[in-house]
Structures are given as C-alpha cells and as structure tokens.
Enquirer: 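Before we start, here is the structure in question, set down as structure tokens.
Convention: sequence-line order gives letters A, B, ...; per-chain numbering from 1.
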Number of protein chains: 2
Amino acid sequence: MRRLSWMNTRVERRQRTEARILAAARQLFGEHGYDRTTIRAIATAAGSDPGLVMRYFGSKEKLFAQAASIPADGPIKGSPEQIAEQLTAALTQKLTEEPAASLAALRAMFSHPEAAEEVRAAMTAQQRQIAEQLPGEDAVLRSGVIGALTLGLVIGRHLVRLDGLDASPGEVMTVAGPLIGELTNGTGRSADGRGQARHPS
Amino acid sequence: MRRLSWMNTRVERRQRTEARILAAARQLFGEHGYDRTTIRAIATAAGSDPGLVMRYFGSKEKLFAQAASIPADGPIKGSPEQIAEQLTAALTQKLTEEPAASLAALRAMFSHPEAAEEVRAAMTAQQRQIAEQLPGEDAVLRSGVIGALTLGLVIGRHLVRLDGLDASPGEVMTVAGPLIGELTNGTGRSADGRGQARHPS
DNA sequence: GTCTATAAAGTGATAGAC
DNA sequence: GTCTATCACTTTATAGAC
C-alpha cells in the first residue's frame with residue numbers, strides 16, 4: 001500500500017502542475033492572443049518549465065485546444081418569450097463572468113483560424129437552433145442579429161472595454177434585454193420592452 | 001524639361017509601387033492579422049521586395065499604422081431621431097463595404113495593442129459625442145450598447161461571417177435599424193420601430 | 001521525472017552589391 | 001534607386017544531463 005500512496009502523491013503533483021499550466025495558458029491566451037503567448041511565458045507564469053509544458057501537452061496547438069473552448073449554452077427551446085428569457089439569462093451570465101477559456105477563444109479567433117472555427121461552430125449551432133423556433137420569414141437574419149449583439153456586448157465588455165459597458169450586468173441588460181425580446185418575436189411592440197429585464201436595485 | 005518628365009515617371013513609379021505595397025498590406029493585415037502577416041508576404045503580394053518595403057515604410061509597425069486606420073465618421077448631431085438616422089446611415093455603409101483599412105485595424109485590435117488603441121479611440125470618441133446628446137440618465141450605457149451592436153454587426157458580417165448576416169445591408173438594417181431607434185430615444189415605443197429603415201424590395 | 005542545452009526554422013531589420 | 005545576402009534574434013520543439 002505504501003507504493004500506492006506514493007504514486008498517488010506523485011500523480012497528484014503532476015495533475016496539480018498540469019492544472020496550473022492550463023490556468024496560466026488560459027489567462028495568457030486570453031490576454032495576448034495565440035501568437036503572442038509563448039510556451040516560455042506560460043511555463044514561467046505557472047512556475048514551471050517550457051520543456052514540461054511540451055511534455056504534458058505535446059504542442060502549443062494542443063495546449064491551446066485544451067485551454068480555449070466555448071462551452072455550448074444549454075439547448076434553447078420554447079415560445080419566443082421563453083427563448084428571449086433563456087437568451088437574456090445566458091447573456092447576463094456572459095456579462096457577469098465570462099470564463100477565461102471563452103475569452104481566450106474569442107480573442108484568438110481573429111488571428112488563429114482554429115479558434116475561429118471553434119467560436120463559429122458554437123455560435124452557428126445556437127443560432128440555427130433559435131432560428132428554427134422563431135416566427136417570421138427573417139428568423140435566420142434576426143437570430144444572426146441576436147448573435148451579433150451578443151458577440152458585440154461580450155467583446156465590448158471583456159475584450160475591448162468599450163465606454164459605458166462597464167456598468168453592472170443588470171444595468172446593461174436593462175438596455176439590452178428589450179432588444180432581445182424585440183428580436184425574438186419579430187416586432188418591437190408586443191413584448192413590453194423595458195419590463196422584460198430585472199432592474200439591479 | 002526632359003529631366004523633369006524623367007523625374008516624374010520615376011516618382012510616379014515609386015508612388016505606384018508604394019501604393020501597391022500599401023494595398024497588399026491592408027489586405028493581408030485584414031485577412032491574417034498583424035503577427036501572421038510578414039513583410040515578405042506583403043512584398044510578394046505587391047510584386048516587390050522585402051527590402052523596398054522596409055525602405056519605403058521604415059518598419060513593419062509604421063507600415064501597419066499607415067495601412068490600418070479607422071476613418072472617423074462625420075460628427076453626429078441633432079435630435080435623437082436625427083442621431084438615429086445618421087447612425088443608421090453610417091451602419092448601412094459599414095455593412096455595405098467596410099474599407100480594407102478598417103478591417104485590418106478591427107482584426108488586428110485583438111492581438112496588437114496599438115491597433116486596439118486606434119479602434120478604441122475612434123469608438124469612444126463617437127460614443128461620447130452621442131451620449132452627450134441623448135436623453136436619459138443611462139445615455140452613456142445606451143450609447144455603449146449602440147457601439148457594441150455596431151461592432152458586433154460589422155465583425156459578425158465581415159470578419160466572422162456569422163450565420164444570417166450575409167443578407168443585403170438593407171435587409172440587415174430592416175432588423176437592426178429599429179434597435180438603434182429604440183436605443184437613441186430611450187424607449188422601445190415612441191419610434192415606430194420597423195418603419196425606420198427602408199425595405200430592400 | 002524534471003529541467004538544461006540546443007537544434008531547426010522563420011522573423012524584422014540592415015548593409016552593401018548592382 | 002532597386003534588390004540580394006545576411007545578421008541578430010525569437011520561436012517551437014527535441015535530446016539528453018541530472
């Protein structure tokens with residue numbers, strides 16, 4: 001049994017180091033993009049060594065693939081009103097705390113084709129799903145605008161730090177929520193606009 | 001006079017080469033970002049030579065500064081309705097044909113800090129200008145959402161090629177126009193929504 | 001198992017030949 | 001004036017010392 005516990009601590013040590021490297025990779029990829037993040041910088045930030053990083057993850061590309069991922073939002077279903085509610089909730093969460101892995105993928109997508117594919121796949125999957133359930137001939141277009149609005153808000157807040165978007169998620173959603181309501185049911189009138197999102201106070 | 005005409009052709013030749021290099025730089029920076037665009041690739045695309053590129057522009061950084069720029073939209077002034085109209089027109093144009101220089105700056109901004117500053121400066125200048133003239137306590141926030149929507153639409157169409165955004169600019173504006181109208185006057189009701197933008201057919 | 005030393009390739013920039 | 005050859009440097013990735 002002594003051997004097992006010994007192996008355990010060693011395996012655990014290795015797993016902890018791997019996790020530290022992965023966390024450092026996520027942060028640096030998210031801050032500086034793919035090309036400007038070097039294996040050396042990741043190793044240093046993780047208190048480790050470039051050689052180990054390569055040994056654990058095989059290549060920079062594979063490390064990035066593990067570090068940057070877009071978690072698919074749960075399936076979105078129901079009436080336009082229900083869809084709007086689910087979209088609003090998902091967007092609120094993205095504004096509150098977008099995970100480092102997503103930010104890494106989002107930043108890298110503009111210079112790293114594989115990251116672009118990752119994000120595109122996640123976004124088009126959700127958009128298609130939404131478009132199928134929305135009324136109106138221009139459902140595909142409207143779900144595209146929903147995607148653009150979401151992308152703009154997330155990028156504007158977390159990556160570009162656009163003026164005015166540093167308000168609380170609740171405040172931002174007070175403005176953005178009604179737009180989503182409008183886009184889901186195809187008219188600016190029937191959803192009562194402003195009331196759709198909760199006020200922060 | 002013979003010398004003058006001789007100089008002219010030579011100066012012209014040089015200017016033409018410079019223009020070709022600049023055009024190639026814009027296109028490649030816009031397609032692959034700053035880091036992945038090499039001086040060598042630009043020179044080849046322009047049918048020229050890496051040494052000449054350096055000689056003409058001094059450095060890759062200076063070449064990028066000349067190639068990637070965000071033209072400031074004209075000053076935006078007037079009542080909320082007029083502002084909405086000007087914003088709609090500007091956005092329509094950005095959707096119709098965003099110049100290569102802007103696309104280069106937009107793509108590079110996520111990995112190249114100086115490009116980020118370029119875009120941020122242009123966007124915050126316009127947003128501040130708009131926020132000053134909009135009614136409501138949350139004018140700054142609303143102009144921020146306008147910026148995010150614009151950014152999302154331009155990026156979604158030209159850079160990410162989001163599903164559904166490949167419609168004609170007129171069709172896209174049929175959906176996005178009312179949102180801008182709603183954001184400028186602070187309510188989803190008073191602007192008549194859909195009627196704001198022209199239909200394509 | 002961990003890390004140092006180095007290899008191989010590609011970059012921006014420069015000097016100097018035509 | 002135009003372009004070739006090369007420098008100095010940095011990158012990922014590997015081989016081998018401890």
Enquirer: Decide yes or no, distance alone: a donor-acceptor N/O pair under 3.5 angstrom between the base of C:dG10 and the side-chain of B:Arg40.
Expert: no
Enquirer: Where does the angle between the aromatic ring planes of A:Tyr34 and A:His112 fall among parallel (under 30°), tilted (30 to 60°) and perpendicular (over 60°)?
Expert: parallel
Enquirer: Rounding to an integer number of Å, can you tell me how far A:Arg16 CZ sits from C:dT2 C1'?
Expert: 16 Å
Enquirer: Is a side-chain donor or acceptor of A:Arg142 paired with a backbone partner of B:Val175 at a separation under 3.5 angstrom?
Expert: no
Enquirer: Under 3.5 Å, which donor-acceptor pairs do the side chains of residues 16-26 of chain A form with other protein atoms, sequence neighbours left out?
Expert:
from, atom 1, to, atom 2, distance (Å)
A:Thr17, OG1, A:Arg13, O, 3.0
A:Glu18, OE1, A:Arg14, NE, 3.0
A:Glu18, OE1, A:Arg14, NH2, 3.1
A:Arg20, NE, A:Ala46, O, 2.9
A:Arg20, NH2, A:Ala46, O, 3.1
A:Arg26, NH1, A:Ala67, O, 3.3

Enquirer: Where do B:Lys94 and B:His158 come nearest, in terms of heavy atoms and distance?
Expert: O-NE2, 2.8 Å
Enquirer: From CZ of B:Arg55 over to C1' of C:dA15, roughly how many Å is that when rounded to an integer?
Expert: 11 Å
Enquirer: Out of D:dT2, C:dC3, D:dA13, which has the shortest distance to the side chain of A:Met54?
Expert: D:dA13
Enquirer: Rounding to a whole Å, what distance do you find between B:Phe64:CZ and C:dG12:C1'?
Expert: 16 Å
Enquirer: D:dT4, D:dA13, C:dC3: which one has an atom nearest the side-chain heavy atoms of A:Ser59?
Expert: D:dA13
Enquirer: Which nucleotide in the set C:dT2, C:dG12, D:dA13 lies at the smallest distance from any side-chain heavy atom of A:Leu52?
Expert: C:dT2
Enquirer: Can you tell me how far C1' of C:dT11 sits from CG of B:Asp35, to the nearest Å?
Expert: 11 Å
Enquirer: With a 4.0 Å limit, can you tell me whether B:Tyr56 has a side-chain N or O closer than that to the phosphate oxygens OP1/OP2 of D:dG1?
Expert: no
Enquirer: At under 4.0 Å between heavy atoms, what does A:Phe57 touch on the DNA or RNA strands: base, sugar-phosphate, or nothing?
Expert: nothing
Enquirer: Would you check if B:Leu87 and B:Thr184 make a side-chain contact, meaning some heavy-atom pair closer than 4.5 Å?
Expert: yes
Enquirer: Rounded off to whole Å, could you give me the CD1-to-P distance for the B:Ile42 and C:dA13 pair?
Expert: 11 Å
Enquirer: Considering only D:dC3, C:dT11, C:dC3, which nucleotide approaches the side chain of A:Ser48 most closely?
Expert: C:dC3
Enquirer: Rounding to a whole Å, what distance do you find between B:Tyr34:OH and C:dT11:C1'?
Expert: 11 Å
Enquirer: Base, sugar-phosphate alone, or nothing: which one does A:Arg14 contact when heavy atoms must sit under 4.0 Å apart?
Expert: nothing
Enquirer: Look at all strands and tell whether A:Thr17 reaches a base, only sugar-phosphate, or nothing, counting heavy atoms closer than 4.0 Å.
Expert: nothing
Enquirer: Rounding to a whole Å, what distance do you find between A:Arg36:CZ and C:dG12:C1'?
Expert: 13 Å
Enquirer: D:dT11 C1' sits how many Å from A:His32 NE2, rounded?
Expert: 17 Å
